[in-house]
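Only heavy atoms go into these numbers, but all of them, side chains included; no hydrogens, no water, no symmetry mates.
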Amino acid sequence: MTAEAPTAPAVSYGRLIPVTVHFDDLDALGLLHNARYPLMVERAWTELWSEHGVRFDGDWAAAGDACNAVRELRIGYEAPVTRPGAYAVHLWLERLGTTGLTYGFRFCSADGSETYARGTRVLVRLDAATLRPAPWSETFRAVGRELLRPAG
């Protein structure tokens with residue numbers, strides 16, 4: 001008998017990225033520290049885009065679509081995370097503009113069924129030389145369209 005790899009949980013839009021909460025992510029009360037949620041969301045976002053070749057390797061001029069900055073972050077906490085272990089971040093795009101985007105996220109159970117926090121984040125693509133808004137590449141936009149949340 002051979003063990004089968006676990007199947008990735010299904011979501012109807014976006015992607016569910018596995019994350020791990022470690023003991024040292026918890027605060028003095030034994031709760032996931034509020035500052036860790038955005039950090040884990042950022043790591044999940046970085047992993048998702050890295051799969052598509054979008055990454056920062058230390059050279060802003062060569063970074064392309066990875067040369068971006070956060071304009072806004074909103075997060076609401078719905079239920080406490082009280083123990084280390086396997087969780088997930090559900091990521092999707094709410095809006096994909098010419099130079100900016102808004103993505104939504106949920107910090108959730110590994111199977112996506114329970115939500116602990118949710119929010120949105122606005123990113124602006126920057127020109128590395130001027131740090132002014134610049135258009136996303138067509139390759140980035142094509143991947144982004146696949147992550148758009150259906151209207152409704």
Side-chain angles (χ1 to χ4, degrees), residues 8-22 24-27 29 31-82 84 86-152:
V11 289
S12 61
Y13 58 90
R15 287 276 307 278
L16 202 58
I17 307 292
V19 296
T20 301
V21 171
H22 298 276
D24 60 352
D25 292 318
L26 305 180
D27 65 15
L29 297 175
L31 306 175
L32 180 59
H33 192 281
N34 69 82
R36 294 296 196 180
Y37 290 84
L39 177 67
M40 291 191 188
V41 170
E42 174 72 16
R43 288 176 179 166
W45 183 251
T46 300
E47 181 179 327
L48 183 150
W49 283 106
S50 220
E51 292 173 6
H52 298 284
V54 178
R55 65 180 58 86
F56 177 68
D57 292 324
D59 180 357
W60 283 117
D65 294 307
C67 185
N68 60 66
V70 176
R71 184 172 187 275
E72 178 180 290
L73 171 66
R74 294 176 185 250
I75 186 168
Y77 303 95
E78 298 186 12
V81 171
T82 59
Y87 293 88
V89 175
H90 179 195
L91 296 170
W92 65 89
L93 289 184
E94 291 284 344
R95 182 189 67 80
L96 178 60
T98 303
T99 62
L101 61 80
T102 302
Y103 73 81
F105 63 87
R106 288 185 315 120
F107 189 90
C108 53
S109 56
D111 66 0
S113 65
E114 187 172 356
T115 300
Y116 300 100
R118 70 176 70 236
T120 58
R121 191 169 180 185
V122 177
L123 293 180
V124 177
R125 165 74 162 86
L126 299 175
D127 177 275
T130 65
L131 297 183
R132 299 292 307 152
W136 301 108
S137 71
E138 187 49 44
T139 303
F140 183 94
R141 294 179 61 71
V143 174
R145 284 190 289 271
E146 294 174 14
L147 296 170
L148 281 168
R149 181 179 188 168

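- Heavy atoms only, all atoms of each residue included: A44 and V19 are closest at CB-CG1, 4.3 Å.
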Under 3.5 Å, which donor-acceptor pairs do the side chains of residues 60-72 form with other protein atoms, sequence neighbours left out?
unit_1	atom_1	unit_2	atom_2	d
D65	OD1	R125	NE	3.2
D65	OD1	S137	N	3.0
D65	OD2	S137	OG	2.5
N68	ND2	D65	O	2.9
E72	OE2	R74	NE	2.9

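- Side-chain contact between L147 and Y103: absent, with no pair of heavy atoms (C-beta onward) separated by less than 4.5 Å.
- From S109, atom OG reaches atom OH of Y87 across 9.0 Å, with rounding to the nearest 0.5 Å.
- Between the side chain of R95 and the backbone N or O of L148 there is no donor-acceptor pair closer than 3.5 Å.
- Of all heavy-atom pairs spanning A134 and L126, the tightest one is CB-C, 3.9 Å.
- Between W49 and W45, the two ring planes are perpendicular [angle over 60°; tilted spans 30° to 60°].
- With sequence neighbours left out, E42 forms a salt bridge (charged side-chain N to carboxylate O under 4.0 Å, His left out) with R121.
- In this structure the side chain of P133 never reaches within 4.5 angstrom of the side chain of T98, judged on heavy atoms.
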**Prompt:** Which is it for H52 and F140 under the side-chain contact (heavy atoms from CB on, under 4.5 Å) test, yes or no, and what are the steps along the way?
**Reply:** CA-CA 8 Å; H52 298 284; F140 183 94; over 6 Å; no

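- Contact between P18 and E47 at its shortest, heavy atoms only, is O-OE1, 4.5 Å.
- Close placement of the Y13 and H90 rings is indicated, their centers lying within 6.0 Å of each other.
- Remark: R15 CZ to I17 CD1 distance equals 4.0 Å, nearest 0.5 Å.
- When side chains are defined from C-beta on, V21 counts as touching F107, because their heavy atoms get closer than 4.5 Å.
- For the atom pair OH (Y116) and OG1 (T82), the distance works out to 7.5 Å, reported to the nearest 0.5 Å.
- Considering all non-hydrogen atoms of both residues, D111 and S113 come closest at OD1-OG, 2.7 Å.
- For the residue pair L93 and G144, the shortest heavy atom distance occurs at CD1-O, 3.3 Å.
- When the ring pair (Phe, Tyr, Trp, His ring centres under 6.0 Å) test is applied to F105, no partner is found at least two apart in sequence or on another chain.
- For residues 143-152, the set of pairs meeting the salt bridge (charged side-chain N to carboxylate O under 4.0 Å, His left out) definition, not counting sequence neighbours, comprises E94-R149, E138-R145.
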Let me have the donor-acceptor pairs involving side chains of residues 32-41, under 3.5 Å, with sequence neighbours excluded, atom names and distances please.
unit_1	atom_1	unit_2	atom_2	d
H33	ND1	A35	N	3.0
R36	NE	D25	OD1	3.2

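- With sequence neighbours excluded, the residues forming a salt bridge (charged side-chain N to carboxylate O under 4.0 Å, His left out) with E78 are R118, listed by chain and number.
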